[in-house]
Participant: 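My questions all concern the structure below.
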There are 2 protein chains.
Amino acid sequence: MSASPSTSASSAPTSARRPRADAQRNLATVVAAAKEVFAESGVDAPMREIAARAGVGVGTIYRHFPQRSDLVKAVFTTEVDAAAADAPAIAAAHSPGDAVAAWLVRYTRFVAAKRGLGAALHSGDTAYAALPDYFLGTLGPVLRDLLDSAEAAGEIRSGTEPEDLLVAVSRLSSGQDAAQSERLVHLLVDGLRYGAAR
Amino acid sequence: MSASPSTSASSAPTSARRPRADAQRNLATVVAAAKEVFAESGVDAPMREIAARAGVGVGTIYRHFPQRSDLVKAVFTTEVDAAAADAPAIAAAHSPGDAVAAWLVRYTRFVAAKRGLGAALHSGDTAYAALPDYFLGTLGPVLRDLLDSAEAAGEIRSGTEPEDLLVAVSRLSSGQDAAQSERLVHLLVDGLRYGAAR
DNA sequence: AACTATACGGAACGTGGTTCCGTTTTCGCA
DNA sequence: TGCGAAAACGGAACCACGTTCCGTATAGTT
């Protein structure tokens, strides 16, 4: 209880020094810049462009994010969490079956806005291997709840894994045509309804 | 009607010379090499690797295929045509609704085998913009026939565009897990069956 | 104020796509 | 059969980008 006044419980007691303030400032700046650049130019945007926008050197970015995918992950973590947080409101506003569809469409729009993210997620590039895990780990349980409710109401068939569905929707949404993406997702959701208990 | 003796009806009468034999030989060699390399290393394989395998310089490849996507297109044209040619046999062997599903699964396996092709197709990269057009132009009518038959038989709903379906299936098949891809496609096809005329 | 661990910035390196150009080969014609 | 020009070849050269490295600047400690 001597040093570290504000932040709750840090990690290693070996070092006495506090993390430098400029480092934390820069980290936040980099993430904000990356969020903008990803939205404009896709997740494959040049690192130098992100560095320039943040007003730092590329070395600084690599210091904080040794892998490019770490930066991508950091940027999208907050948005994934937001999608997860929306589920209760959507569940309250629709019938259980429609809630599944509505939440997936919302997820669609989120994925579609990130040019190239879907492709990167499923490219087989091992550098991005951790990203699907995060998405699935966070959103899988959320969707499972929605599916369970809809199943219990007899509105959709049983036996569909939420992870499959998330993968499917993110892939279907990987294009630029938002209207088409939405059509495809609706078609998929109707597949869930086929053979429901009724 | 004076020159050009052998080849039936060529194009421009402006030039007198025939295309050089070595050029045509090399073109065939390059396409064959690219087919092998794409299958092994994906469509993003280095150009130099393809050139080395074909025993030519990279300049030779760029002479024949100014855009990388032109080479990809050349390589896959034959396989797309093969998928199109299979449709009649599949239609004959199944009920109309099952034929749609069976042909789409066959198409799934074809797309899944080309590592990275699906991602490239829908990456938004303008260099690849011509590829979807070729796929859709060739396979769209084929699938439309299958859909029309299934609709007429009352086995699937009406109003689904074959182009949407092809896009959807190629995206769903873009991963490495073939079993998962097949599950997703089946789910999508069941979406077609939902709300059929019965 | 001096010291040192930490972080910074950007030059440097490796890789891969694409272009350019001097050299080689094919083909039409005499 | 030999010649000349057009066509094609090959690979060096150039550029863009991801990633690493290291000399310099600075926050935090004493």
Side-chain angles (χ1 to χ4, degrees), chain A residues 2-7 10-12 14-31 33-34 37-38 41-72 116 120 123 125-128, chain B residues 2-7 10 12-31 33-34 37-38 41-72 116 120 123 125-128:
Chain A
S2 49
S4 66
S6 53
T7 58
S10 215
S11 48
T14 50
S15 163
R17 285 178 181 271
R18 271 186 298 166
R20 281 173 48 162
D22 59 339
Q24 293 191 287
R25 229 188 353 263
N26 268 322
L27 191 149
T29 307
V30 165
V31 171
V37 172
F38 286 165
S41 313
V43 292
D44 291 328
M47 277 302 220
R48 286 179 238 263
E49 187 183 335
I50 300 169
R53 166 107 43 150
V56 305
V58 287
T60 300
I61 297 184
Y62 277 94
R63 161 171 300 276
H64 291 298
F65 305 99
Q67 307 267 0
R68 157 177 275 269
S69 60
D70 293 332
L71 178 56
V72 176
S123 62
D125 184 338
T126 56
Y128 285 101
Chain B
S2 47
S4 69
S6 56
T7 57
S10 214
T14 51
S15 163
R17 284 179 183 272
R18 273 185 297 164
R20 280 172 48 163
D22 60 336
Q24 293 191 287
R25 236 192 342 268
N26 268 321
L27 191 149
T29 308
V30 165
V31 171
V37 172
F38 285 166
S41 313
V43 292
D44 291 327
M47 277 302 218
R48 286 181 238 264
E49 187 182 335
I50 300 171
R53 167 108 43 151
V56 304
V58 286
T60 300
I61 297 184
Y62 277 94
R63 162 171 299 275
H64 291 299
F65 306 99
Q67 308 267 359
R68 158 177 275 269
S69 59
D70 294 331
L71 178 56
V72 176
S123 62
D125 184 338
T126 55
Y128 285 100

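Sequence lines set the chain letters: A, B, ... in the order given, protein chains first and strands last, and positions in each chain run from 1.
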Participant: What contact category does B/Ala51 fall into here, base, sugar-phosphate, or nothing, at under 4.0 angstrom with non-hydrogen atoms?
Facilitator: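 Since no nucleic acid heavy atom lies under 4.0 Å of B/Ala51, the category is nothing.
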Participant: Between P on C/dT6 and CZ on A/Arg25, what's the gap in Å once rounded to a whole number?
Facilitator: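 Value for this atom pair: 18 Å.
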Participant: From CG of A/Asp44 over to P of C/dG17, roughly how many Å is that when rounded to an integer?
Facilitator: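 Atom CG in A/Asp44 sits about 14 Å away from atom P in C/dG17.
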Participant: To the nearest 0.5 angstrom, please state how far the CG atom of B/Leu27 sits from the CG atom of B/Asp22.
Facilitator: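 Nearest 0.5 Å value for the CG-CG distance: 11.0 Å.
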Participant: With B/Ile61, which of B/Asn26, B/Val31, B/Val56 fulfils side chain to side chain contact (heavy atoms under 4.5 Å, CB included)?
Facilitator: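 Among B/Asn26, B/Val31, B/Val56, the one that satisfies the side chain to side chain contact (heavy atoms under 4.5 Å, CB included) with B/Ile61 is B/Val56.
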Participant: D/dG18 P sits how many Å from A/Leu71 CG, rounded?
Facilitator: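 Roughly 11 Å, once rounded to whole Å.
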Participant: Considering every strand and a 4.0 Å limit on heavy-atom distances, what is the contact class for A/Ala52: base, sugar-phosphate, or nothing?
Facilitator: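 Nothing, no nucleic acid heavy atom in range.
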Participant: Please confirm whether the shortest side-chain N or O distance from B/His64 to OP1 or OP2 of D/dC9 is below 4.0 Å.
Facilitator: yes
Participant: Could you pick out which residue, A/Gly59 or B/Met47, lies toward the 5' side of DNA chain C when each is mapped onto its nearest nucleotide?
Facilitator: A/Gly59
Participant: Counting side-chain heavy atoms from CB outward, which of D/dT20, D/dA8, D/dG11 is closest to B/Arg63?
Facilitator: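 Among the listed nucleotides, the one closest to the side chain of B/Arg63 is D/dA8.
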Participant: Could you state the interatomic distance from OH (B/Tyr62) to CZ (B/Arg68), rounded to the nearest 0.5 Å?
Facilitator: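 Here the rounded value is 6.5 Å.
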Participant: Between A/Tyr62 (OH) and C/dA12 (P), how many Å, whole number?
Facilitator: 18 Å
Participant: Taking all non-hydrogen atoms of both residues into account, name the closest pair between B/Ile50 and B/Ala33 and its distance.
Facilitator: O-CB, 4.0 Å
Participant: Nearest 0.5 Å, what's the CG-NE2 distance between B/Leu71 and B/His64?
Facilitator: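 With rounding to 0.5 Å, CG (B/Leu71) is 11.0 Å from NE2 (B/His64).
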Participant: For B/Thr60 and D/dG10, is the shortest distance between a side-chain N/O and OP1 or OP2 below 4.0 Å?
Facilitator: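 For D/dG10, OP1/OP2 do have a side-chain N/O of B/Thr60 under 4.0 Å.
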Participant: Please state whether the base of D/dA7 and the side chain of B/Arg20 form at least one donor-acceptor pair under 3.5 Å?
Facilitator: yes
Participant: Check whether any side-chain nitrogen or oxygen of A/Asn26 sits under 4.0 Å from OP1 or OP2 of C/dC8, and answer yes or no.
Facilitator: yes
Participant: Which part of the nucleic acid does A/Val56 contact within heavy-atom distance under 4.0 Å: base, sugar-phosphate only, or nothing?
Facilitator: sugar-phosphate
Participant: Look at all strands and tell whether A/Ala54 reaches a base, only sugar-phosphate, or nothing, counting heavy atoms closer than 4.0 Å.
Facilitator: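 Nothing, no heavy atom under 4.0 Å.
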Participant: Do B/Phe65 and B/Val72 come within less than 4.5 Å of each other through their side chains, counting heavy atoms only?
Facilitator: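 Not touching, per the 4.5 Å side-chain cut-off.
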Participant: Rounded to whole Å, how long is the line connecting atom CD of B/Glu49 with atom P of D/dG11?
Facilitator: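 Distance check: B/Glu49 CD to D/dG11 P gives 17 Å.
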Participant: Rounding to a whole Å, what distance do you find between A/Ile61:CD1 and C/dG9:C1'?
Facilitator: 11 Å
Participant: Without decimals, in angstroms, what is the distance between A/Phe65 CZ and D/dT20 C1'?
Facilitator: 18 Å
Participant: Choosing from C/dC8, D/dG28, C/dG17, which nucleotide comes nearest the side chain of B/Arg48?
Facilitator: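 Among C/dC8, D/dG28, C/dG17, the one nearest the side chain of B/Arg48 is C/dG17.
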Participant: Could you tell me how far apart B/Asp22 (CG) and D/dG10 (C1') are, to the nearest whole angstrom?
Facilitator: 13 Å
Participant: Please determine, for the side chain of B/Arg68, which listed nucleotide (C/dA7, C/dT18, D/dT19) has the closest atom?
Facilitator: C/dT18
Participant: For the side chain of B/Pro46, counting heavy atoms from C-beta on, which of C/dG16, C/dC8, C/dG9 is nearest?
Facilitator: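 Of the options given, the side chain of B/Pro46 lies nearest C/dG16.
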